[in-house]
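Working notes, beginning with the structure itself.
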Protein chains: 2
Amino acid sequence: MKRVTIEDIAAKLNISFSTVARALNDHPAISEATKNAVKETATRLGYRQNKVAASLRSGRTHIIGVIVPNLQLSFFSAVVHGIERIMNENDYNILLYQSNEALVQEARGIDTFLQSRVDGIIASVTQETREMPHYAEIRKRGIPLLFFDRAIANLEVPSVVIDDFKGGYLATQHLVDQGYRRIVHINTEQNLAIFSAREEGYKAALIANGLAVDASLIVRGPLSLALGEATVDRFVAQQIPFDAIFAVEDFTAMGALQALKKHKIKVPSAVGVIGFANEAFGSLVTPTLSSVDQQTVRMGEESAKLFLKLLQQKGKVMPPEKIVLEPMLVPRASSGNF
Amino acid sequence: MKRVTIEDIAAKLNISFSTVARALNDHPAISEATKNAVKETATRLGYRQNKVAASLRSGRTHIIGVIVPNLQLSFFSAVVHGIERIMNENDYNILLYQSNEALVQEARGIDTFLQSRVDGIIASVTQETREMPHYAEIRKRGIPLLFFDRAIANLEVPSVVIDDFKGGYLATQHLVDQGYRRIVHINTEQNLAIFSAREEGYKAALIANGLAVDASLIVRGPLSLALGEATVDRFVAQQIPFDAIFAVEDFTAMGALQALKKHKIKVPSAVGVIGFANEAFGSLVTPTLSSVDQQTVRMGEESAKLFLKLLQQKGKVMPPEKIVLEPMLVPRASSGNF
DNA sequence: ATGAAAGCGCTAACAC
DNA sequence: GTGTTAGCGCTTTCAT
């Protein structure tokens, strides 16, 4: 089927195709009469602008590349949800790419974005990402770039993150406030700034409350239900005393909770538990799981908004803005009477 | 910064730019020598193909539009995850759009896709969608279209769905097998084929087992924790006897589970419960919640694969293929000793 | 207020 | 095996 172009409309009305283009784009110098005529015939003929042609000529695609590790993690899908919502309202579309936590795939994704001439890129880097020749190239090309959640420390890029230090601090302070003293901390071995920041928050809160930071209470491993369970099993077996657990992530906290139940250790009276992320299941399990909310959808929305600002000031060199969202304590039954 | 084009490479090597283009695209008629020379200078100059120009000329964008109601629902993000994974492997990119269950937004999304000249569209329709002038137009334009999960009955479009009837049947048969007889069914008021199919499965299983379909045991409302809870509350208050609950969706089942606990009704000994969707929380709550798995990631992958087939046979008129995935019973503690 | 004309960077048909 | 040429459908500058 032959596609209808602005020339077809021009021919029908006996005007030049550039007038048609202007009318369609609401150019101020076009009379209302012709605008109406043009738009009317456009819809009558079933005309649809060819954005590919428009993009080639104008150099702008109105497409933003979004690259995340894995859309199956509720954290990332919630953020992408927020990004898409706001971008959509502002007439931008989202080109989606999953890196699967692999550096090669991340690089390939960015390469694709560059070839597709996206107007900008929003990314959350992989766990493998330390440096970023590919990210550096984005900036060299003058394409707006923004990181959310996971940023790269030494690269001066605008970003939207939550205050992970404060999150760790809040969680720990909460446990202390509830009367717990020997607080186990379960973290990952991976080198990701967001996780170490939570640990620093944990330590700072202990110190601020006059409690010692006991290295034997800090456990590392691959975050998972199994890790939480194994940790409790080991502490019980070795009879190491503890009265609370702060895990950097909810599933691990959940594993600990299940193991405590298994060992008939009462929660929260004997041991308190808090996680991080406020996953959906936290309010449904028994006892309900305390956590720290990361404002995921909001993170996506703020990312999109900051990004739109960036697009406006394109060209001008600005110090990279950094939005830090507040983590929110969500106290539930696993750490007291809530 | 001036972008480097194939003409720049051609100038450097004193050959014509079309030879460069052919070399880059591994055209068989180009000598290895020139191919190597071209590729070498291409990387040296930092050349990146302009896909926008290539698309304008070739008429193919290698972009697939994907439209879903809401990415925040784990069901849809899992499917999109699967779609992106397979499409990515096959050098297609995903343009993402959320309809928010609104017909207008769905239409706008499709309009954008059409203007962006996507090579095809994969969609899960909104609850409002009954007819589809916008979907009809896609087909008129000869653009491959595929539905997943929610399809439109009267439109002949290839689709990937699960057998919801069978899912409802399996869930009900399972409850009957466990000895339950008065099985409450909680469904939605919305007119969505997938939900009524589950209800038909429920009824068929009852009949097949010589049990009566009792209209007073079928409840309708806005699916949610609250609906499940309210349903149990009402049955208890009105002293209507029942010994099991099959909700068409896990959150509603979860609400029922919580209300049963509240009323000190033992699960599964006094009342059995099963949901639908196999949400992540099901294996974490107490008692664990039985459910029916929908193979979400696989649905995305199968959608992508079928779609790639469609793209191949473009032009040829084929009877629309329909892939029906098997729902999988996930028996857990809420309906017996699992 | 409108028209003419150039060109964005490629692909592909046709020539030699 | 390589070069020439003609667009794809727009945006945008320069005329008038």
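In what follows, chains carry the letters A, B, and so on, assigned in the order in which the sequence lines appear, proteins first and then strands, with residues in each chain numbered from 1. Any value given below was found using the heavy atoms of this structure, including those in side chains, with hydrogens, waters and symmetry copies removed.
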Inset, instruction - Evaluate the criterion salt bridge (Lys or Arg N to Asp or Glu O under 4.0 Å) for residue pair A:Glu301 and A:Lys305; output intermediate values, then yes/no. - result: CA-CA 6 Å; A:Glu301 293 172 346; A:Lys305 284 175 189 165; 5.2 Å; no
Legend entry - Verdict with supporting geometry, B:Thr34 and B:Ser31, side chain to side chain donor-acceptor pair (under 3.5 Å): CA-CA 6 Å; B:Thr34 37; B:Ser31 75; 2.8 Å; yes
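Residues from residues 22-41 of chain B that place a heavy atom under 4.0 Å from any atom of DNA chain C, listed by number: B:Arg22, B:Asn25.
When the side chain to side chain donor-acceptor pair (under 3.5 Å) test is applied to B:Glu156, no partner is found at least two apart in sequence or on another chain. In this structure, A:Asp91 has no salt bridge (Lys or Arg N to Asp or Glu O under 4.0 Å) partners at least two apart in sequence or on a different chain. For B:Ser16, the side chain to side chain donor-acceptor pair (under 3.5 Å) partners at least two apart in sequence or on another chain are B:Ser18, B:Thr19. Scored by the salt bridge (Lys or Arg N to Asp or Glu O under 4.0 Å) test, B:Glu321 finds B:Lys309 as partners (sequence neighbours excluded). In this structure, the side chain to side chain donor-acceptor pair (under 3.5 Å) partners of A:Asp164, at least two apart in sequence or on a different chain, are A:Arg198.
Over its length, the helix from C:dA1-D:dT16 to C:dC16-D:dG1 turns its helix axis by 30°, as judged from the five terminal pairs at each end, rounded to 10°.
Running 5' to 3' along DNA chain C, contacts with non-hydrogen atoms of chain B at under 4.0 Å begin and end at C:dG9 to C:dC14. Interface limits on DNA chain D: the 5'-most and 3'-most nucleotides within less than 4.0 Å of chain B heavy atoms are D:dG1 to D:dG9.
Contact annotation for A:Ala54: backbone-only contact, meaning every heavy-atom pair under 4.0 Å involves sugar-phosphate atoms and none involves a base. As judged by a 4.0 angstrom heavy-atom cut-off over every strand, B:Gln49 is placed among residues touching the sugar-phosphate backbone only.
Side chains of B:Tyr97 and A:Asn93: no donor on one and acceptor on the other come within 3.5 Å. Under the 3.5 Å distance criterion, with hydrogens and angles disregarded, no donor-acceptor pair is assigned to the side chains of B:Glu40 and B:Asn36.
For residues 95-117 of chain B, the salt bridge (charged side-chain N to carboxylate O under 4.0 Å, His left out) pairs, not counting sequence neighbours, are A:Arg48-B:Asp111, B:Glu101-B:Arg150. Listed by first and then second residue, the ring pair (Phe, Tyr, Trp, His ring centres under 6.0 Å) pairs that reach into residues 120-157 of chain A are A:Tyr135-A:Phe147, sequence neighbours excluded. Evaluation of the ring pair (Phe, Tyr, Trp, His ring centres under 6.0 Å) test over residues 62-94 of chain B, restricted to residues two or more places apart or in two chains, returns B:His62-B:Tyr92.
Closest-nucleotide positions on DNA chain D for B:Arg57 and B:Arg117 were compared, and the one nearer the 5' end corresponds to B:Arg57. The nearest heavy atom of DNA chain D to B:Ile15 and to A:Phe17 marks one nucleotide each, and the one closer to the 5' end goes with B:Ile15.
Put simply, the side chain of A:Asp149 never gets that close to the backbone of A:Ser124: no donor and acceptor are under 3.5 Å apart.
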